[in-house]
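Just so it is clear, the structure is predicted and the values come from calculations on it, not from any experiment.
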Amino acid sequence: MNVALGGTFDPIHDGHRALFERAFELGDVTVGLTSDDLAPRTRQEERYVRLFEERKRDLADELERFADEYGRDYEIRTLTEPTGIAVEPQFDALVVSPETEAGAERVNEIRRERGYDSLRIEVVPRVAADDGGVISSTRIVRGEIDEHGTVTPDATPRE
């Protein structure tokens, strides 16, 4: 099975790792990594995002571990559009988080318009931090939690 997923992945955290694991369980993986131009447009909150090459290096390090564990191949491609690579005919499945499920449905609409089969959409649940909130890159950048969801010593309590 050829599996697609996409994102900015900055910084990578345990929620991303859950997506990667599910993708590699299903098949060979192609990850669309948002370009430097697209990354800020996909953020719900404006914040600094590291350069593409830095994010790609860290992503490759993470994916290599999963590829070795599952005996799968992977590729990292540049995403320049939100619907990204998943509208291409060679994919069988798309791994998403709950907040990107609507985008996955849009991808299937585009695929149907182009005469391609719909993708199997795999929604991976969010991963909770120690404080009950969701692990997210934005929370990590704010200094609230670390990549594993551990509340940082200087973090203010969640309301």
Got [X] and [Y] here, is their nearest side-chain heavy-atom distance under 4.5 Å?
| X | Y | answer |
| --- | --- | --- |
| Ile12 | Phe20 | yes |
| Arg126 | Pro98 | yes |
| Val95 | Val124 | yes |
| Thr34 | Arg55 | yes |
| His13 | Ile145 | no |
| Ile85 | Phe91 | yes |
| Leu63 | Phe24 | yes |
| Pro82 | Arg106 | no |

[atom2] on [Y] to [atom1] on [X], rounded to 0.5 Å:
| X | Y | atom1 | atom2 | result |
| --- | --- | --- | --- | --- |
| Leu94 | Glu101 | CG | CD | 10.0 Å |
| Thr8 | Arg50 | OG1 | CZ | 11.0 Å |
| Asp92 | Arg120 | CG | CZ | 9.5 Å |
| Thr150 | Glu144 | OG1 | CD | 13.5 Å |
| Glu62 | Glu21 | CD | CD | 11.5 Å |
| Leu119 | Asn108 | CG | CG | 5.0 Å |

If only atom types and distance count, is the side chain of [X] paired as donor or acceptor with the main-chain N or O of [Y] below 3.5 Å?
| X | Y | answer |
| --- | --- | --- |
| Asp28 | Asp73 | yes |
| Ser137 | Pro11 | yes |
| Asp36 | Leu51 | no |

Closest non-hydrogen atom pair, [X] against [Y]:
| X | Y | value |
| --- | --- | --- |
| Ala129 | Arg139 | CB-NH1, 3.8 Å |
| Asp131 | Val151 | CB-CG2, 3.7 Å |
| Asp146 | Thr152 | N-CG2, 4.0 Å |
| Ile135 | Gly15 | CG2-N, 4.4 Å |
| Gly32 | Phe9 | O-CE1, 4.2 Å |
| Ala93 | Met1 | CB-SD, 3.8 Å |

| Cluster overlap Leu79 with Ile121, hydrophobic side-chain contacts below 4.5 Å | yes
| said: I'd like to know whether Arg22 forms a salt bridge (charged side-chain N to carboxylate O under 4.0 Å, His left out) with Glu25, so could you lay out the CA-CA distance, the side-chain angles of the two residues, the decisive distance to 0.1 Å, and finally the verdict. | reply: CA-CA 5 Å; Arg22 183 63 186 134; Glu25 286 172 352; 2.9 Å; yes
| field | Sidechain N-carboxylate O distance under 4.0 Å for Asp14, Arg17 | value | yes
| field | Check ion pair Glu109-Arg112 (N to O, under 4.0 angstrom) | value | no
| Given Arg47 and Asp10, is the side chain to side chain contact (heavy atoms under 4.5 Å, CB included) satisfied, shown in steps? | CA-CA 11 Å; Arg47 68 169 176 81; Asp10 184 47; 4.1 Å; yes
| message | Are there over 12 heavy-atom neighbours, none belonging to Asp130, within less than 6.0 Å of that residue's CG? | response | yes
| said: Before you tell me yes or no, could you show the steps for Arg77 and Glu88 under side chain to side chain contact (heavy atoms under 4.5 Å, CB included), namely the whole-Å CA-CA distance, both residues' side-chain angles and the distance that decides it to 0.1 Å? | reply: CA-CA 13 Å; Arg77 295 185 38 206; Glu88 297 173 7; 2.7 Å; yes
| Residues Val29, Phe66; criterion side chain to side chain contact (heavy atoms under 4.5 Å, CB included); working and verdict | CA-CA 10 Å; Val29 177; Phe66 286 100; over 6 Å; no
| Can you check side chain to side chain contact (heavy atoms under 4.5 Å, CB included) on Glu122 and Val3, steps first, answer last? | CA-CA 10 Å; Glu122 289 284 321; Val3 183; over 6 Å; no
